[in-house]
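Before any comments, here is the structure.
Treat the numbers as computed from the prediction; the structure is a model and nothing was measured.
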Amino acid sequence: MPDYKIVSAKDVKNKLEEGGDVLVINVLSESSFNSMHIPGSINIDVHQDDFLENVKKATGGDKDKEIIVHCSSESCQASPGAARKLVEAGYTNVADFEGGLAGWKEAGYKLEGAMAE
């Protein structure tokens, strides 16, 4: 059992709409992020060597900050990998939105970016 939560599209949308102190991170490449992303999310590529360093910058070093990671779909392994990395690095409030971009779209929510509809 992972040390992080699994959240739904509705959970993510509610968190973003509440305007709470949550960081939604798209862990795919920058080009993927630019073509399509969840409004309000930021991009930190999990495959870059400075992934943890960039998350630290984005959180201001706050390891208790709520972080939700996601990638493209349930079959994508980038976000579970990112969630594990964050937990191993000492982050305490990590969640994986397993549905990713596909799940967001399936829920009927709008995406932003060059390829978003």
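- Criterion: ILVMFWY side-chain heavy atoms under 4.5 Å apart, direct or through other members. Under it, Val69 and Phe33 are not part of a common hydrophobic cluster.
- Heavy atoms only, all atoms of each residue included: Ala58 and Leu23 are closest at CB-CD2, 3.7 Å.
- Taken to the nearest 0.5 Å, the CG atom of Asn54 stands 9.5 Å off from the CD1 atom of Ile25.
- A search for salt bridge (Lys or Arg N to Asp or Glu O under 4.0 Å) contacts involving Glu17 returns Lys13, not counting sequence neighbours.
- Put simply, CD1 on Ile42 and CD1 on Ile67 are 8.5 Å apart, with the number rounded to the nearest 0.5 Å.
- The salt bridge (Lys or Arg N to Asp or Glu O under 4.0 Å) search around Lys15 returns Glu66, not counting sequence neighbours.
- Residues passing the side-chain hydrogen bond (donor to acceptor under 3.5 Å, both in side chains) test with Glu112, sequence neighbours excluded: His37.
- Applying the ring pair (Phe, Tyr, Trp, His ring centres under 6.0 Å) rule to pairs touching residues 67-106 yields Trp104-Tyr109, sequence neighbours excluded.
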Could you go through Val12 and Ser41, starting from their C-alpha distance and side-chain angles, then the distance that decides it, and tell me whether this counts as side chain to side chain contact (heavy atoms under 4.5 Å, CB included)? CA-CA 10 Å; Val12 177; Ser41 66; over 6 Å; no
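- Applying the side chain to side chain contact (heavy atoms under 4.5 Å, CB included) test to Ser29 and every residue at least two apart in sequence or in another chain returns Ser31, Ser32, Asp45.
- Atoms OG and CD1, from Ser79 and Ile6 in turn, are 8.0 Å apart once rounded to the nearest 0.5 Å.
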Please assess Leu101 against Ile38 for the test side chain to side chain contact (heavy atoms under 4.5 Å, CB included), listing each intermediate value before the final yes or no. CA-CA 7 Å; Leu101 297 172; Ile38 294 172; 4.2 Å; yes
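- For Asn14, there are no side-chain hydrogen bond (donor to acceptor under 3.5 Å, both in side chains) partners at least two apart in sequence or on another chain.
- Contact annotation: the side chain of Leu52 approaches that of Leu86 to within less than 4.5 Å [non-hydrogen atoms, C-beta and beyond].
- Residues satisfying the side chain to side chain contact (heavy atoms under 4.5 Å, CB included) criterion with Asn34, sequence neighbours excluded, are Glu30.
- Annotation: salt bridge (Lys or Arg N to Asp or Glu O under 4.0 Å) contacts of Asp50 (sequence neighbours excluded): none.
- Contacts classified as salt bridge (Lys or Arg N to Asp or Glu O under 4.0 Å) and involving residues 85-102 (residues at least two apart or in different chains) are not found.
- Applying the ring pair (Phe, Tyr, Trp, His ring centres under 6.0 Å) test to Phe51 and every residue at least two apart in sequence or in another chain returns nothing.
- Atom CG of Asn93 and atom CD1 of Ile68 lie 8.5 Å apart (nearest 0.5 Å).
- Between Pro39 and Leu16, the closest side-chain pair of non-hydrogen atoms is not below 4.5 Å.
- For Thr92, the side chain to side chain contact (heavy atoms under 4.5 Å, CB included) criterion is met by Asp64, not counting sequence neighbours.
- Of all heavy-atom pairs spanning Gln77 and Cys71, the tightest one is N-SG, 4.5 Å.
- Taking both residues in full, the closest heavy atoms of Pro80 and Cys76 are given as CD-O, 3.8 Å, listed atom of the first, atom of the second, then distance.
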